[in-house]
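Each residue takes its place number in the sequence, starting with 1. Order of appearance sets the numbers: ligands from 1, and atoms from 1 within every ligand.
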Amino acid sequence: SITSAKIKVNGVPLHYKQTGQGDHAVLLLPGMLGSSQSDFGPQLKSMNKQLFTIVAWDPRGYGHSIPPARDFPPDFFERDARDAVDLMQALKFKKFSLLGWSDGGITALIAAAKHPTLIHKLVVWGANAVVTQEDLKLYNAIRDVSKWSEKIRKQMEEMYGHEYFAKTCEAWVDGISQFADKPDGNICQHLLPHIKCPTFIIHGGKDPLVPQFHAEYLHKHIKGSRLFLMPEGKHNLHLRFAEEFNKLAEDFLR
Ligand code: TYC
């Protein structure tokens, strides 16, 4: 069974889902505007529950962790990283692995770099450590939510209502675009050398949102990391190719 609960962390009631009885604790981190419900259905359902205890969280301002409304101060990824680690500690997990998708991958990279003694292993996909001029163009192309695919837009509007969804998407584009003004478009490149845990980078060869350059960049700067390309994978490869993804992640974690 999958349970749903809230626990107060850093003053915010954070919502999370939990399943499994395994000794190996794993936190699943969703992407922008994502949540445990929208982003990790196949992982909560099908990952090995004997081996793993799986927690999927809704970052503050996303999913069912509202209020507070989401905002994007310059340190929003660091804030998410602190919330994520403090959530797992509040749930009494001594050591745990991180599986982070896209923005959740960025959060996971920061958390692993800042808490080497707490993080067992790290899996990231669709993540990036820097923002390039090409990324800026891609971000601005999704600013207007009427340009999103019908299917995803409907799902988002059911969760958030049109107003909150549209506003938060624009705020996200502004928020992540802030990094383009930093030297080298730095989000967390300076932290990558501090990542000491075994790290697995997965990337979709057909990801239209996050260019492959980013996966190669992470691989180059995270010592001993492994890179795997899913040739047919797009941005949501863990949903579209859930069985293959789950097996890849489980084999790496065990
Ligand atoms: N980072 C987003 C996420 O967390 C996905 C995204 C990437 C959106 C690039 C737009 O241009 C973009 N799912």
Sequence neighbours left out, cut at 3.5 Å: what donor-acceptor pairs do the side chains of residues 196-204 make with other protein atoms?
residue, atom, partner, partner atom, Å
Lys196, NZ, Pro193, O, 3.3
Thr199, OG1, Cys197, O, 3.0
His203, NE2, Val210, O, 3.1

task = Kindly confirm or rule out a cation-pi arrangement of Arg226 over Phe252, judged by NZ or CZ under 6.0 Å from the six-membered ring centre and within 45° of its axis?
result = no

remark   = atom 13 (N) of ligand 1: closest protein heavy atom, distance to 0.1 Å, is Ser102 OG, 3.0 Å

ask   = Can you tell me which residue and heavy atom of the protein come closest to atom 8 (C) of ligand 1, and the distance to 0.1 Å?
value = Trp172 CH2, 3.6 Å

task = Using a strict cut-off of 4.0 Å, indicate which atoms of ligand 1 neighbour a heavy atom of Leu138.
result = 11 (O)

key: Shortest protein heavy-atom distance from atom 12 (C) of ligand 1, along with the residue and atom involved   = Tyr139 CD2, 3.4 Å

message = Centroid separation under 6.0 Å, is that true for the rings of Trp125 and His235?
response = no

Residues Lys8, Asp86: salt bridge by 4.0 Å N-O rule = no

note = For Asp103, the ligand 1 atoms with a heavy-atom partner under 4.0 Å come out as 1 (N), 2 (C), 3 (C), 4 (O)

remark   = Those residues at least two apart in sequence (or on a different chain) that pass side chain to side chain contact (heavy atoms under 4.5 Å, CB included) with Glu150 are Arg153, Lys154

ask   = For the ring pair Phe245 and Phe241, is the centre-to-centre distance below 6.0 Å?
value = no

query = Near Ile142, which atoms of ligand 1 are under 4.0 Å from a heavy atom of that residue?
reply = 8 (C), 10 (C)

message = Need the ligand 1 atom indices (1-based, order shown) with element for anything under 4.0 Å from a heavy-atom of Met32.
response = 2 (C), 3 (C), 4 (O), 13 (N)

